[in-house]
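Quick note on labels: first sequence line is chain A, next is B, and so on, each numbered from 1.
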2 protein chains.
Amino acid sequence: MDSAVARERALDAAEELFYGRGIQAVGMDDVRGASGVSLKRLYQLFPAKEQLVEAYLERRDGRWRGRLAAYVEREQDPGARVLAVFDWLERWFGEEGFRGCAWINSYGELGATSERVAAQVRAHKRAFADYLTSLVTAAGHPAALAGPLFLLAEGAMVTAGITGSTRPAAQAREAARSLLAAR
Amino acid sequence: MDSAVARERALDAAEELFYGRGIQAVGMDDVRGASGVSLKRLYQLFPAKEQLVEAYLERRDGRWRGRLAAYVEREQDPGARVLAVFDWLERWFGEEGFRGCAWINSYGELGATSERVAAQVRAHKRAFADYLTSLVTAAGHPAALAGPLFLLAEGAMVTAGITGSTRPAAQAREAARSLLAAR
DNA sequence: CACTGCGGAGAACGCACGTTCTCTCTTACT
DNA sequence: AGTAAGAGAGAACGTGCGTTCTCCGCAGTG
């Protein structure tokens, strides 16, 4: 098996397991079992579990923001694009196997022990906040409105994760609409 | 040492360690070392680590909501009380050793593996949401406004935990004010 | 003074898991 | 064909930790 393929398979398995069960609850042997990539190969690709975790978060970050952007950019109107973020959240929350925000969960689990994981989480959240800011200003709103919208989105993610409901997305969207209209 | 005293000391140590480092990163032996309560006694009081975790979350829940309510109730005006919640969050975020919301962190760590922990987290969040609702309706606002305020508060907790800043509280407070005024 | 029973210190046990090693087999090059 | 490099399976190793057990001292009671 090609190295690049093995890497993808390992990351596919790691993502499913880490996200679904939590990072510490998943052993390297579980990743091997689910991916079909031998332990030897796993350790060639990722010298330690922490690096596999980092790679998992990094790859997921790219995909997550890519999916969000792809959905948002189907809207032509800049004002609608801001609200489309919350529509996308609602879809995401409703997906089979949704278990909250991977970065918030990882931070709760490893933020205190792994500086590299903490840095990944901060980078992801900063990137999301920056993206929101760009949408808000593109729609002609003051950039200061992006902060509250970010908090609404984060609150919705956490709450949807804990309660298993998609409703927080709609609530957040409605509140965002109200904030944008209040000027 | 009296049993009740030992229990309190064990919970004091458990709370400081679990909250500060994460639950899985703390061993029962660490709790013994920090509390001075012997392992034998610990296991008499809490038959397994999971029960110690449960008791930690439960006691913290009572204290956390008690501190919040005590702060909020110093305000006489029902309208001011709603916003006082966010002022209190700001104080909390600024406390030495603040590391985000204990329940959100615990959920990220153990929500997928321990149903009892997950239930504690849901109960705590429900209680907080109910409290917010009571404040909102007492101030004459429609109860539906409590949902968005809850999301703002949750988003602020998560963001303050990850970034280490108290600013999310002020942002959330301002957004809450705006939502309440929009009526 | 014996005896009983509880408490503490910490050793011991069993298991899980991160990481490495061994053995065997394939494969590609000379 | 012979051989060297690499891959996979899985055993092995070391450690950490949840939980239990052993041993010893000390209090209170007859």
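Under a 4.0 Å N-O distance rule, the pair A:Arg9/A:Asp2 does not qualify as a salt bridge. The pair B:Glu90-B:Arg173 does not meet the salt-bridge criterion, since no charged nitrogen lies less than 4.0 angstrom from a carboxylate oxygen.
In the model, A:Thr163 has no side-chain atom that pairs as donor or acceptor with a side-chain atom of B:Arg126 under 3.5 Å. Donor-acceptor pairing under 3.5 Å is recorded for the side chains of A:Ser3 and A:Arg41.
Nearest nucleotide to the A:Arg41 side chain, out of D:dG8, D:dT19, C:dG18: D:dG8. In the set D:dA11, D:dT19, D:dA9, D:dA9 carries the atom at the smallest distance from any side-chain atom of A:Ser38.
Between the C1' atom of C:dG18 and the CZ atom of A:Phe18 lies a distance of 12 Å, rounded to the nearest Å. Protein atom CG of A:Leu45 is 15 Å distant from nucleotide atom P of D:dG6, rounded to whole Å. Spacing between atom CG of B:Asp29 and atom P of C:dC13 amounts to 17 Å, rounded to whole angstrom units. D:dG16 atom C1' lies 11 Å from atom NZ of B:Lys49, rounded to whole Å. B:Tyr43 places its OH atom 14 Å from the C1' atom of C:dG10, with the value rounded to the nearest Å. Separating the CG atom of B:Leu42 from the P atom of C:dA9 is a distance of 11 Å, rounded to the nearest angstrom. In this structure, B:Arg21 atom CZ and D:dG16 atom P are separated by 14 Å, rounded to whole Å.
Looking at B:Arg32, its side chain comes within 3.5 Å of the base of C:dG10 through a donor and an acceptor atom. Counting distance only, with no hydrogens placed and no angle test, the side-chain atoms of B:Lys40 and the base atoms of C:dG8 include a donor-acceptor pair under 3.5 Å.
Looking at heavy-atom distances under 4.0 Å, A:Val31 makes no contact with the nucleic acid at all. Among the heavy atoms of the strands lying under 4.0 Å from A:Gln44 are primed sugar atoms or P, OP1, OP2 only; no base atom is included.
Close to C:dA16, at under 4.0 Å from its OP1 or OP2, lies no side-chain N or O of A:Gln24.
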